[in-house]
Amino acid sequence: MKNTKELSIKQLTAKIAKLLRATHYYLAPLYARNNAWALTAWEMDKLAGEELDKDYKTTIDYLRKNLYAYIASLGAEWPAEEENNILLPGTYVEAAKALKALWLSLHLVYLAPTEQPAVIPPPQELYQLYRRYLVLRRMTIALKPIPFKVADQFLEAAAYVALLAGRVEPTHFEILGLAEIVADIVWLLSKTIKPP
């Protein structure tokens, strides 16, 4: 049974990797002229007016520190509290990494290129890619608990899929079905990240 699960995990990670490669085919020409992004983010817990459980708060604080460090490494600064608008330098690859980190640290995100995308592919051209994404999401969710490597790789794929729209909006978190995957990653991390 264990070998069967390991085999299915290996096959799933290979399929997610294939989806990632397919997104680059569309994203590279789409954002070829763009090297900066308008980013606005809101912390989900503050929007909901809720306090996170102590273990999860420690994990989310850790993930947010890593997020701020990543954004700083790109040459942007995360402004003072309540000021959530920044100009994020970088290609679509850096934008996708930031988006993944934002979602993982429980942010709703608006992310738009500073240059208009060359040509946004029509939805019918992307239909098979979106369909493959939904199938892989269903397969990922079926693994309970979702192995960290699979969940992390899937979240990366989701970030690239979101960028196909020409801009990422807060509703993408729900449209892409990320709540369960992010929750599993945070749960797994909360087992290892302990308060100092």
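Keep in mind it's a predicted model, so treat the numbers as computed, not measured.
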Under the criterion side chain to side chain contact (heavy atoms under 4.5 Å, CB included), I'd like the reasoning laid out for Lys18 against Arg132: C-alpha separation, chi angles, the key distance, then a yes or no.
CA-CA 10 Å; Lys18 188 176 177 182; Arg132 190 177 333 158; 4.0 Å; yes
Within a 6.0 Å radius of atom CD on Glu169, are there more than 12 heavy atoms belonging to other residues, nucleotides or ligands?
yes
Gln124, CD: over 12 other non-hydrogen atoms inside 6.0 angstrom:
yes
Go through it in stages, so that I can follow the logic: the residues are Asp55 and Ser190, the test is side chain to side chain donor-acceptor pair (under 3.5 Å), and I'd like the CA-CA distance, side-chain angles, deciding distance and then a yes or no.
CA-CA 6 Å; Asp55 289 341; Ser190 71; over 6 Å; no
N-O pairing of Lys57 and Asp61 below 4.0 Å
yes
Could you please spell out the steps behind the side chain to side chain contact (heavy atoms under 4.5 Å, CB included) verdict for Leu189 and Phe148?
CA-CA 9 Å; Leu189 289 174; Phe148 181 82; 4.0 Å; yes
Would you mind reporting whether Leu39 and Leu87 have side-chain heavy atoms less than 4.5 Å apart?
no
Quick one: sort the Tyr92 and His24 rings into parallel, tilted or perpendicular, breaks at 30° and 60°.
tilted
For salt bridge (Lys or Arg N to Asp or Glu O under 4.0 Å), just list the numbers for Glu156 and Lys97, CA-CA rounded to whole Å, side-chain angles, deciding distance to a tenth of an Å, and then say yes or no.
CA-CA 7 Å; Glu156 179 182 356; Lys97 287 179 185 176; over 6 Å; no
Taking the side chain as C-beta and beyond, is there a heavy-atom pair between Arg64 and Glu43 under 4.5 Å?
yes
Shortest non-hydrogen contact between Ile146 and Leu188, atoms and distance
O-CD1, 3.4 Å
Which pair of heavy atoms, one from Ala157 and one from Leu20, lies closest together, and at what distance?
CA-CD2, 3.6 Å
When rounded to the nearest 0.5 Å, the distance separating CG of Leu63 from CG of Leu102 is 11.0 Å
Centre-to-centre under 6.0 Å for Trp37 and Tyr31, is that the case here?
yes
My understanding is that only one of Leu176, Ile185, Leu108 makes a side-chain contact (heavy atoms from CB on, under 4.5 Å) with Trp103; could you say which?
Leu176
Answer yes or no: is there a side-chain heavy-atom contact under 4.5 Å between Thr40 and Trp42?
yes
Which heavy-atom pair separates Ala76 from Ile86 by the least distance, and what is that distance?
CB-CD1, 4.3 Å
Do Arg167 and Leu111 have side chains that approach each other closer than 4.5 Å (heavy atoms only, starting at C-beta)?
no
Smallest separation among heavy atoms of Ala101 and Leu67, with atom names:
CB-CD1, 3.7 Å
To the nearest 0.5 Å, what is the distance between CD1 on Ile141 and CZ on Arg137?
4.5 Å
Heavy-atom side-chain contact between Glu180 and Lys144 under 4.5 Å
yes
For the CG atom of Leu164 and the CG atom of Leu27, what is their distance to the nearest 0.5 Å?
4.5 Å
Is any side-chain heavy atom of Lys100 less than 4.5 Å from a side-chain heavy atom of Asp152?
yes
Does Thr13 reach the side chain of Val150, with side-chain heavy atoms less than 4.5 Å apart?
yes
Could you walk me through whether Met139 and Gln11 pass the side chain to side chain contact (heavy atoms under 4.5 Å, CB included) test, one step at a time?
CA-CA 11 Å; Met139 291 170 69; Gln11 290 171 340; over 6 Å; no
Measure the spacing between CG of Leu12 and CD1 of Ile9 and express it to the nearest 0.5 Å.
8.0 Å
Distance (rounded to the nearest 0.5 Å) between Leu99 CG and Phe173 CZ:
10.5 Å
I'd like to know whether Leu19 forms a side chain to side chain contact (heavy atoms under 4.5 Å, CB included) with Tyr160, so could you lay out the CA-CA distance, the side-chain angles of the two residues, the decisive distance to 0.1 Å, and finally the verdict.
CA-CA 9 Å; Leu19 174 67; Tyr160 284 111; over 6 Å; no
Say whether Tyr26 and Ile175 are linked into one hydrophobic cluster, either directly or through other cluster members, by side-chain heavy-atom distances under 4.5 angstrom.
no
Separation of Asp184 CG from Leu178 CG (nearest 0.5 Å):
12.0 Å
Please tell me if the side chains of His107 and Ser105 come closer than 4.5 Å, counting only heavy atoms from C-beta onward.
yes
Considering non-hydrogen atoms only, spot the tightest contact between Pro89 and Gly75 and give its length.
CG-C, 4.2 Å
Audit row: Asn34, Thr114, side chain to side chain donor-acceptor pair (under 3.5 Å) steps and yes/no
CA-CA 7 Å; Asn34 192 69; Thr114 55; 3.3 Å; yes
Are there more than 12 heavy atoms of other residues, nucleotides or ligands under 6.0 Å from atom OH of Tyr130?
yes
Heavy atoms from other residues, nucleotides or ligands near OH of Tyr62 exceed 12 (cutoff 6.0 Å):
no
Check the side chains of Thr171 and Glu174 for a donor-acceptor pair under 3.5 angstrom, ignoring hydrogens and angles.
no
For Pro113 and Gly166, which heavy atoms make the closest approach, and how far apart are they?
CD-O, 3.1 Å
